[in-house]
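This report concerns only the one structure given below.
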Amino acid sequence: MSTTHSTPADPITIVGGGPKKVLYTLKTVARIGLLNSAKALNSKNTCKACGLGMGGQRGGMTNEKDEFPSVCNKSIQAQSTDIQAPIPEDLFAHTLDDFKQLSAYEIEHLGRLNTPLFKSADGNKYTPVSWEFALDKMARSFAATHADRTFFYSSGRSSNEAGFVLQLLARLYGTNNVNNCSYYCHQATGVGLYNVIGTGTATVSLEDVGNCDCIFVIGANPSSNHPRFVHQLKNCRERGGQVIVINPAKEPGLVRFAVPKSAKSMLTGGTWIASEYVQPKIGSDLALLKGIAKALLETQQIDAHFIAEHTDNFATFKQDIDNTSWQTITQHCGIEQEKIHHLATAYATAERAIFAWGMGITHHLHGVENVEAIANLALLRGMLGKPAAGLLPLRGHSNVQGIGTVGVKPVLADDVLQQLEQHTGAQLPRREGMDTLACLSAAHAGNMDAALIMGGNLFAATPNSQWAQEALDKIPFKVYLTTTLNLGHVTGMETSEALILPVTARDEEWQPTTQESMFNYVRLSDGGIDRLHNVKPEVEILCELGKRLLPNSPLDFTQLKQHDSIRAAIAATIPGLGELKDIASTKQEFTIKNRLFDTPTFKTENGKAQFQTSPLPNAVASQDYPFVLASIRSEGQFNSIIYEETDSYRGTNTRWSVLMNKEDIHALGIAVGDAVTLTSPQGEMKDVKVFAFDVPRGNLLAYYPEANVLIATKHDPRSKTPAFKSVPVQVVTFQG
C-alpha cells in the first residue's frame, strides 16, 4: 500500500487490494484456526458474501468457470463471523442499555447466538428461554392478531428453501405483506429492467463477462463490495478491453488494484483497472447517460438495424434526447460535452459491451429512470440479445436474487399464485401486499402487531434512524431469526416484546440448500458442518410455526421440513426452476431458464425491447442545505455488518467521518482532521471527522448505516427504494 500527501488537505492515493488483504486473511485465519477456516472455505457450500457467487458443488473456492482460487476478503470476513464461540449466557444479565453502548463492530463480534432469547414488553433484558417456550410464544403472538397487521421479511442471507417456506407460510396465514431487503437496494433495477426487456435480472453470465471487450461500472465500488469482480475487470483490461467507470467518488481500488491471486498484479504494485474514469455530481447519472446517448445519436454511432427490428418507442426516445440541450446536460452532471463525446466514442468502438451498476444508480428518487437509461444505452448499439454483451446489476447479498425468485415479495404473478394454490390446495390472499418501507410506515402509524424478520438488520437498513427505531418499537411483538446479535436486536424494542432465535449458518444446515447468484446461476450447498448444539435451521423454525399457527392447513408442515419436498414445490410453481427438484441427488447446478439473452427476443408483450423516456430530476441541494451527501460502505464492512472500524482504501480511521472535496474544506475555513456537524431535515451527525477525498465540489460521502440519521424516508415512487445517496445536508463548522 502506498500513500502520498502533497498538502495536508489532499486526498490520499491508495492502491486497492494488495499485501494488506493477504495479511488480513492470514490474521483472520489465525484467529479462527486453520482447521476451521480450511473446512469452511473448502466445503461444498456457496459463498456467504456478495451475489457474484462461488462455491457449491465445485468446492468452496471455485466459481462456475472452474477458476481457483475464487476467494476474496469478503468471503473470509463472512466466515469469520460464523466461526465464533457462543456468546456466554452471563452476558445477558446486562441490560439493553448496556448493549446499546457497544459499536456495531463490537456487538457483531460478541460471538454466535446459541440459545433462544426473550424480552418482555416491560423488561430491559433478554432472558435465555427454551425452544418450546419460544415456538409457542411465537405462534400465540401471531394467532392473536389479524394477518394484515403483520409482515414477514427476509434478508439475502437465507436459502431458497427458507425463503419459499416463509412466503408460503405468510400467504397461508392470510397476508401478502412479504418483503425482502431488495426494496432497499436493487428493486429499482427489477422495475426498470422489466419495463425495458420484460425481466428484472442480469442478462449475462460470468462466462459472458470473461468474453466481453468493454465493461461499464456505474455507481458501484466493486473493489470494496465485490472484490472478485475486480478480477474480471483486470482480465478485461489485460485482453485489450476497456473498463469505463462512472462514479462521483474516485475510488482507489477502481483506479488500480493489486489482485492477491495474481502474482504479476502484486509484484507490479497493482493492475490499472479503469481505462476511463468520469465523476458526475451525485445524483446526476441520468443527465450523463442522456449525454452519452445524445453524442451517439449526433455522430450516428448507433445500430439502426437492431433498433428498427428489435425495439419500440425509439422515435419518442430520440425526440426527448434531441430536446435536451447540451447546456442542460453539462450543468446537471458537471461533465464537459467534449468528455461525454469521448465516452460515447469509446463505447462505439466496443463490439461486446456489458453494463454493470450498483446502488449509486438505484438509491435515488429516480432510481428506476437511471436503470432505464442504462438499458437505453445498451439498446442504442445492439448490446442486448447477443453473447458477451448485456446488463449486469451488481447484487449485494449472496442470495438476495434467489429470495425474490422464490416469491419473497408482496406481489406474485397470477400464474405463480395459481400454481401455489393448486399445489397447496388452499386459497391464497389476492390483496396486494406492502413493500418493506410501507410495512414500517404502517408500524409507525400503529397498524402492525407482529413481524417475523429473518436475517439482516432491518433497523440499520432503514433510513431516518429515529423514525426507524420508533416504527419497530411500535410493533408489539417481533421475532428475529439470526446467527449473531446486531444493534437492530437491542434498538426499537424499548416498550415491545421480542424473541431472538439462533439459526444455523449456511454451511451448518442439516440438509442441503440452494442459492442463486447475480448471474441467475443456482448452486447447491451441502451444509453439514457441526459447530453449535442449540441452533436450528430456518426451515425447521418456520415449519414449527406453521404447525402451531395453522393446525388445519391443507399443507403438511411436517413434510415440508424435508428440503426435497420444498424444492419439489418450488419446481412445480416457480417458472424456470424445474431442475431444482432433483438437484440434491443430481448435484447438477444450473442457470435459470429464459433469463439470459443470446438472441434479441425479449420477454415483453411483443418480444421487442422498449425504449424508456423520462425528464431530468430536480436538484437536491438548496440554499439551506447546499451540499449533497451519499451514504457509502467501507472496505471493512458487508451490508450493515462492520468487520473493521477503519477503511484502508479511503484512508479513514473512524466511521464517524465525512469525506469532502479539498476545495470545499478550504472554502469552509476548516482543515482535514477537524470536526464538523452535518445536518439535514431529518437529523444531525455531531462532531464527525473531516477527510479529504476526490469527489466533485458540493458533494459529500459518509458511512452507512451511521449516516441514516440524515436520510429521509422519501423514496422512488416506482420501486419504493429510499434515496440513500442523494441527501441534502448542511456542514456546520465550529467557526460558524
Asp449 side chain vs Arg149 backbone, donor-acceptor pair below 3.5 Å
no
Salt bridge between Arg157 and Glu538, side-chain N to carboxylate O under 4.0 Å?
yes
With sequence neighbours left out, what residues match Pro728 under side-chain contact (heavy atoms from CB on, under 4.5 Å)?
Val620, Tyr625
Are Lys720 and Asp435 within salt-bridge range, i.e. N to O under 4.0 Å?
no
Looking at Lys100 and Glu494, does any basic side-chain N land under 4.0 Å from a carboxylate oxygen?
yes
So, are Glu508 and Arg112 salt-bridged, with charged N and O less than 4.0 Å apart?
yes
Could you check whether Gln469 and Thr491, counting side-chain N and O atoms only, form a donor-acceptor pair closer than 3.5 Å?
no
Using the ring-ring contact (aromatic ring centres under 6.0 Å, His included) criterion, which residues pair with His489? Sequence neighbours excluded.
Tyr480
Does the ring of Phe92 carry Lys125 above it, NZ/CZ under 6.0 angstrom from centre and within 45° of its axis?
no
With a 3.5 Å cut-off and no angle check, do the side chains of Asn221 and Asn247 form a donor-acceptor pair?
no
Determine, step by step, whether Tyr183 and His715 satisfy the ring-ring contact (aromatic ring centres under 6.0 Å, His included) criterion, reporting the C-alpha distance in whole Å, the side-chain angles of both residues, the deciding distance to 0.1 Å, and the verdict.
CA-CA 10 Å; Tyr183 279 89; His715 53 275; over 10 Å; no
Taking atom types as modelled and ignoring hydrogens, do the side chains of Asp694 and Gln279 form a donor-acceptor contact shorter than 3.5 angstrom?
yes
In terms of the angle between their ring planes, are His444 and Trp467 parallel, tilted or perpendicular, with boundaries placed at 30° and 60°?
parallel
Using a 6.0 Å cut-off, check whether atom NZ of Lys714 has over 12 heavy atoms from anything other than its own residue.
no
Give a yes or no on this: more than 12 heavy atoms of other residues, nucleotides or ligands lie within 6.0 Å of atom OH of Tyr105.
no
Do the side chain of His186 and the main chain of Thr201 share a donor and acceptor less than 3.5 angstrom apart?
no
Starting at CD1 of Ile500, measure out to OG1 of Thr115 and round the result to the nearest 0.5 Å.
11.0 Å
Between Leu481 and Ile453, is any pair of side-chain heavy atoms under 4.5 Å apart?
no
Apply side-chain hydrogen bond (donor to acceptor under 3.5 Å, both in side chains) to Asn399 and Asn160, showing your working.
CA-CA 8 Å; Asn399 198 41; Asn160 292 327; 3.1 Å; yes
